[in-house]
Amino acid sequence: MNNSYDVIVVGAGHAGLEAAFACAHLQKSVGLFSLSIDSVAQIPCNPSIGGPAKGIVTREIDALGGMQARATDACSLQIKMLNTSKGPGVRALRAQIDKIKYHDFFISELKKEKLIDLLIDEVCDLIIEKNKIVGIKTSTNIVRCKKLIITTGTYMQSIVHIGDIKKKEGPLHSPRSDNLSLNLKRIGFKLIRLKTGTPPRIDINSFDRSKTIIQTGTNEKLHFSHYSNFFIPFNKQILCYLTRTNKKTHEIIRKNLKKSAMYSGSIKGVGPRYCPSIEDKIVRFKDKSSHQIFIEPVSKSLNIAYLQGLSSSLPKDVQDLFIHSISGLENSKIIEYAYAIEYDAINPMQLYLTLESKLINGLYFAGQVNGTSGYEEAAGQGLIAGINASLSIAKKKPLILQRNQSYIGVMIDDLVTKGITEPYRLLTSRAEYRLYLRNDNADDRLMKIGYEIGLINDIQYKKFINARKSVNDVINFLKKTTLKGLKLFNKKYHSHSLYELLKQPNIDINDLITNTDFINLHDEIKNKIQILVKFDGYIKHSQTVLKKFNKNLLFSLKCIDDYNKIKNLSLEAREKLNQVHPLTLDQASRIPGITINDLMVIKYYVQTNE
């Protein structure tokens, strides 16, 4: 352990690792603190990366120069593109990953990175001088730093609940952080108590596959990273399985609801709306006769399967009963029981859009400590916090991603502007411009930014520029070429350009470029071209909406240091605006309780006081 670092990162989960590597790749020395070696890149819940909106975040992280997509590709067990029957705005990758291999991948990368020291110790308190972070106190030492990034996940004052059993520990029996949140509260931070949970794990050889429905991956060359052609061949992808709860399962759970930690009053924290426990599902969706349960392997080196959809805090004996009531699981051997975990987080409205705290200069927060759920949301925040801490040390302009640029920008703006009352999960419905924020164009939206910051190297950026040129070349070819003289299609189309023809739902791009040099282009480039052409009208409409959005986005409110000076605003509006201190009129418009009249008053005030 050194006595000082440019940046200290507290927590080595998905947020902490992205923050640490971003700082190191920007030539900053990093002290990365973890409570245990096992907590590094831990997958305590679902052994997967991606899904609607979340998979696009992983692509965005990659386009900016982050780590998660590379790690996912290297550790995938199965991969598929979701929502292929729907529009491109909701399509996203999802991969089952090997949790052991994922941990080992990051341990290996940390050993290679000379600017990161992995330190196993508990960070207990902050050292602050003149309202600025200057270091930390651990259980054994004092370490100085220029910037501090807290990414403690679900570990602060965490309590694991199984029925009436309570254990002061972190996820999967790991140590917890006892002191840090208490000291954050002492310093002046507002904390909130949240809850999440995880399902049981069973012996993978103990369930009856004949009673389940096989779930395969996709037979395409799919991968998350823009910089690698690595993919898992279809015949090497592992299988997942689908079963369902039934009337007997629901009866057992209803009969024992009072024994659930969630329903007995034992848990005070608020749980996630979009990832409810099986108890919540039974109570909230009384009309449902069954719920899906996915049986998913967690690692090639472990004979363990994860029962996605059975998150619970019921006692072990009740879990035995309802698990064994499910078709295919009658004789399953339970390796790890489901549990709920309660933990301290901060109110994210105490942060700027850079993820730096408003209370202490140089102190950043990222990940589940900000009230989010999910590995992807955590990693996206960690990357932004690491970038901004590094840019601040270098006295450079911070990176603030807007809602029209990325899902990461949508998430951070939601957190900072609106706050949270329950664990936040990214959904495509949260993005007003989701037809623009697509899986296929994360590189077009963000790679130039990653390159200018310094996280994308020349080779990677040149590959991106060449791919963009190929897209433009093919589109120009399609626009200037007609079918006249060809016999492949009906004569009525002979005067149409190939560009117009490709808009037809039954025409594939490969039909039009078979006898050209373009046929050998990468499938990812072909897919991007096809989306741009087939959804041309929708995309143009989205761009028109974006232009209108940019007017409010460019209307800066930085000149307002105190909203109490604006007399025509209500007391409620002044309080909320002073709490958030929005950077633009657009951000102000999303603060709960701020009216159109308030926005007009603010705009007039700025225009008359410039």
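Numbering of residues begins at 1 and proceeds along the displayed sequence.
Side-chain atoms of K576 come within 3.5 Å of backbone N or O of P592 as a donor-acceptor pair. A donor-acceptor pair is defined here as one N or O able to donate and one able to accept, closer than 3.5 Å; such a pair exists between the side chain of S373 and the backbone of Y424. Judged purely by atom type and a 3.5 angstrom limit, E122 has no side-chain atom pairing as donor or acceptor with the backbone of S177. Between the side chain of N388 and the backbone N or O of L399 there is at least one donor-acceptor pair closer than 3.5 Å. Between the Q157 side chain and the L182 main chain, no donor and acceptor come within less than 3.5 Å of each other. Here the side chain of T372 pairs a donor or acceptor atom with the backbone of G367 at under 3.5 angstrom. Panel note: side chain R574, backbone L571; no donor-acceptor pair is recorded below 3.5 Å. Between the side chain of D62 and the main chain of A69, no donor-acceptor pair closer than 3.5 Å is present. Side-chain N or O atoms of S313 include none that pairs as donor or acceptor with a backbone N or O of G163 at under 3.5 Å.
Atoms OG1 and CG, on T152 and L180 in that order, are 6.0 Å from each other to the nearest 0.5 Å. One finds the CG atom of L569 at 6.5 Å from the CG atom of L577 (value rounded to the nearest 0.5 Å). Distance check, rounded to the nearest 0.5 Å: CG of N578 to CD1 of I560 gives 9.5 Å. Interatomic distance, CG of N46 versus OH of Y375, reported as 6.5 Å (0.5 Å rounding). Atoms OG and CD1, from S266 and I162 in turn, are 12.0 Å apart once rounded to the nearest 0.5 Å. Interatomic distance, I387 CD1 to S390 OG, rounded to the nearest 0.5 Å: 8.0 Å.
For the residue pair Q42 and S174, no side-chain donor N or O sits within less than 3.5 Å of a side-chain acceptor on the partner. Side chains of D344 and S181: a donor on one and an acceptor on the other come within 3.5 Å. Side-chain contact annotation: Q68 with T58, donor-acceptor N/O pair under 3.5 Å present. A donor-acceptor pair shorter than 3.5 Å cannot be found between the side chains of S311 and S277.
V9 pairs in a side-chain contact (heavy atoms from CB on, under 4.5 Å) with only one of the listed residues (L17, L32, V123), which is L32. The residue from K418, R590, R430 that alone fulfils the salt bridge (charged side-chain N to carboxylate O under 4.0 Å, His left out) condition with D413 is R590. Evaluated for a side-chain contact (heavy atoms from CB on, under 4.5 Å) with E356, the options I133, N361, L351 yield exactly one hit, N361.
In this structure the side chain of Y563 reaches within 4.5 angstrom of the side chain of I602, judged on heavy atoms. Looking only at side-chain heavy atoms (C-beta outward), L194 and I420 come within less than 4.5 Å of each other. Side chains of H161 and K166 form a contact here, defined as non-hydrogen atoms less than 4.5 Å apart. Under the 4.5 Å side-chain criterion, counting only non-hydrogen atoms from C-beta, N83 is not in contact with T428. A 4.5 Å side-chain heavy-atom check between Y352 and K358 finds at least one atom pair inside the cut-off. Counting heavy atoms from C-beta outward, K54 and R425 have side chains that approach closer than 4.5 Å. Residues V7 and C23 have side chains in contact (heavy-atom distance under 4.5 Å, counting atoms from C-beta outward). Two residues are said to be in side-chain contact when any heavy atoms from C-beta on lie closer than 4.5 Å; N179 and D125 fail this criterion.
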Could you walk me through whether L401 and I449 pass side-chain contact (heavy atoms from CB on, under 4.5 Å), step by step? CA-CA 10 Å; L401 294 177; I449 295 172; 4.1 Å; yes

Please determine whether side-chain contact (heavy atoms from CB on, under 4.5 Å) holds for the pair H291 and F285, giving the CA-CA distance in whole Å, both sets of side-chain angles, and the decisive distance to 0.1 Å. CA-CA 10 Å; H291 296 280; F285 308 109; 4.2 Å; yes

I would like to know whether T417 and Q587 meet side chain to side chain donor-acceptor pair (under 3.5 Å); could you show each step before the answer? CA-CA 7 Å; T417 305; Q587 187 186 2; 3.0 Å; yes

Taking it one step at a time, do H14 and I43 satisfy side-chain contact (heavy atoms from CB on, under 4.5 Å)? CA-CA 9 Å; H14 303 271; I43 307 289; 3.6 Å; yes

Under the ring-ring contact (aromatic ring centres under 6.0 Å, His included) rule, what do F365 and F189 come out as? Steps first, then yes or no, please. CA-CA 12 Å; F365 291 84; F189 284 97; 5.3 Å; yes

Set out, in order, the CA-CA distance, both residues' side-chain angles and the distance that settles side-chain contact (heavy atoms from CB on, under 4.5 Å) for V369 and T151, then state yes or no. CA-CA 6 Å; V369 71; T151 68; 5.7 Å; no

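In this structure, V606 and S556 approach most closely via the heavy-atom pair CG1-O, 4.1 Å. Minimum interatomic distance between S34 and S39 (heavy atoms only, all atoms of both residues): OG-CB, 3.7 Å. Annotation for L64 and L446: closest pair CD2-O, 3.7 Å, computed over non-hydrogen atoms. Residues T138 and C124 approach most closely at C-SG, 4.0 Å, considering heavy atoms. Considering every non-hydrogen atom in both G170 and I341, the closest pair reads C-CD1, 3.8 Å. What you find for Y451 and I456 is that their closest heavy atoms are CD1-O, 3.3 Å.
Heavy atoms from other residues, nucleotides or ligands lying under 6.0 Å from CG of N141 number more than 12. Within 6.0 Å of the CG atom in N131, the count of heavy atoms belonging to other residues, nucleotides or ligands exceeds 12. Around atom NZ of K190, no more than 12 heavy atoms belonging to other residues, nucleotides or ligands sit under 6.0 Å away. For NZ of K137, the number of neighbouring non-hydrogen atoms (other residues, nucleotides, ligands) closer than 6.0 Å is 12 at most.
A salt bridge does not link R59 to D440: none of the charged side-chain nitrogens sits closer than 4.0 Å to a carboxylate oxygen. A salt bridge links R144 with E129; the closest basic N to acidic carboxylate O contact falls under 4.0 Å. Under the 4.0 Å criterion applied to side-chain N and carboxylate O atoms, E342 and K268 are not assigned as salt-bridge partners.
With sequence neighbours excluded, no residue satisfies ring-ring contact (aromatic ring centres under 6.0 Å, His included) with F535. Every residue meeting the salt bridge (charged side-chain N to carboxylate O under 4.0 Å, His left out) condition with K540, not counting sequence neighbours, appears here in chain and number order: D536. S392 meets the side chain to side chain contact (heavy atoms under 4.5 Å, CB included) test with K147, Y364; sequence neighbours excluded.
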